[in-house]
Amino acid sequence: MNDALAALYPQHLATLRERTDTALARGGFDHLVVPAGRPITKFLDDQDYPFVTNPHFRHWLPLTDAPGSWLVYTPGEKPKLVFLQPRDYWHVVPEAPTGYWVDQFDIVVVRKPADAIAELPATLSRCAIIGDQYCNLQDVCANNPPAVVDHLHYHRAYKTPYELELMREASRRGTRGHRAAERAFRDGESELGIHLAYLTAVGQIDAELPYASIVGLNEHGAVLHYTNFDRSAPAESRSFLIDAGASASGYASDITRTYAGSKAGEFQALIDSVDAAERSFVAKVRAGQSYPDLHVHAHHALAGVLREHGFIRMSPESAVESGVSSAFFPHGLGHGIGLQVHDVGGFQASETGGTIARPEGHPYLRLTRQLEAGMVVTIEPGIYFIDMLLAELRNKPFSNDIDWVKVDAFRKYGGIRIEDDVVCTTGEPENLTRDAFALL
Ligand code: GLY
Ligand code: MN
Ligand code: MN
């Protein structure tokens, strides 16, 4: 793994330099300055929230725990890392950087956060400083110039081979956790027990994961972002939805699987249909494919699944038009993924900005761009039995075209989501998730 990364890193860095050269020229700046960020302290407390490095910093360096450090890049010069290594016996002090990337940087070690200032370019007005408000240090304040940020965010969708290697690793780690979680579900564990089995198998703590894991048994599968963990197991575990990812040097995987308990044959049949539909959507991750069109296509296909299984009697077209499909599939088909689980730039019309609107009636879609080689997206269709949304359908004129007895019988399973992370290439898509499961 490290040899592969070492071989790929120089090209990754060259790509970032090239993108940044253009971004700085567009914004009229001489330097890019990227703070890693600072931990945020809890109100009235001396404890910090878990620290997450600025994704712009992680883009350049595989350093996920370097609070108070800074990256400085000036076109034509070697990038500089100002690395904070405080004199501190209360906390673990970050080790001096080592690895395949260090000889590509001028590295300066500082002992106090404020000492970084002297290592930054003297004329701050010539710097594009990309960060949040917490990283501000005396006069050094993030300015996030839109012309620079727009260029960088638009191009972040296109992953370098180095980034893809890290995303493959994030998927391998995540699928190891998913296997352990499925075993824990079959053993009748509680949601918390399943979650702990997941963390142990991945080898990461909650704060290191790219997002809060969703571990839902039975009806809990109907809560889209269910992040409670019941401490005791239900009397019967009929169904299990797990949406959980892992990190690799700051890159995310985002994986969902749904399982039926041993007595839930009717639910398994529905899972199989959603799984087949999901694979057919993955097959359409091709250069030139409009992602919003694929999302609308998924609505039609899932309405077909609902009809095939007897939940609805209307045609898929009228199910989509009337909003019935949205009651069962009330979220987007997926999103870009990379340094963040929901990667930036999903709506951006071009490298100079602009917005591509969502299709009308689809307020939760997070990606409206056309797919191109190098992009990584999730494909995550679902069918859920959500009381609130079903209640809204009850009073509608087409309610007679819904088999409520059948629908009500499935509420106890919560819902289904199947989610893979997929690389768009010049040919067949690469399914990071299924490839990683196949390696187990
Ligand atoms: N786990 C968050 C998502 O699937 O988008
Ligand atoms: Mn997702
Ligand atoms: Mn997910």
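Predicted model only: the values in this text are computed from it and were never measured. In listed order, ligands and their atoms are each counted from 1.
In summary, the side chains of E266 and Y413 do present a donor paired with an acceptor at a separation below 3.5 Å, with no hydrogens or angles considered. Side-chain polar atoms of H195 and D206 form a donor-acceptor pair below 3.5 angstrom.
Aromatic ring centres of H331 and H295 lie farther apart than the 6.0 Å criterion allows.
Between R19 and E351 there is no salt bridge, since no side-chain nitrogen of the basic residue lies less than 4.0 Å from a carboxylate oxygen of the acidic one. With respect to R417 and D254, no salt bridge is recorded, no charged nitrogen being found less than 4.0 Å from a carboxylate O. Taking the charged nitrogens against the carboxylate oxygens, E163 and R58 have no contact shorter than 4.0 Å, which rules out a salt bridge.
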What do the steps show when you test D243 against Y226 for side chain to side chain contact (heavy atoms under 4.5 Å, CB included), and what is the final call?
CA-CA 10 Å; D243 182 344; Y226 177 82; over 6 Å; no
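Results of the side-chain contact (heavy atoms from CB on, under 4.5 Å) test with F328 over V407, L389, L302, I386 single out V407 as the only residue that passes.
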Could you go through ligand 1 and list every pair where one of its N or O atoms sits under 3.5 Å from a protein N or O, giving the atom names and the distance to one decimal?
residue, atom, partner, partner atom, Å
ligand 1, 1 (N), D243, OD1, 3.1
ligand 1, 1 (N), D243, OD2, 3.0
ligand 1, 1 (N), D254, OD1, 3.2
ligand 1, 4 (O), D243, OD2, 3.2
ligand 1, 4 (O), D254, OD1, 3.3
ligand 1, 4 (O), D254, OD2, 3.1
ligand 1, 4 (O), E380, OE1, 3.0
ligand 1, 4 (O), E380, OE2, 3.4
ligand 1, 4 (O), E419, OE1, 3.3
ligand 1, 4 (O), E419, OE2, 3.2
ligand 1, 5 (O), H335, NE2, 3.0
ligand 1, 5 (O), H342, NE2, 2.7

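The Mn ion (ligand 2) has D254 OD2, H335 NE2, E380 OE2, E419 OE2 as protein N, O or S atoms under 2.8 Å away.
Within the 4.5 Å cutoff, the side chain of L339 has heavy atoms near those of the R156 side chain.
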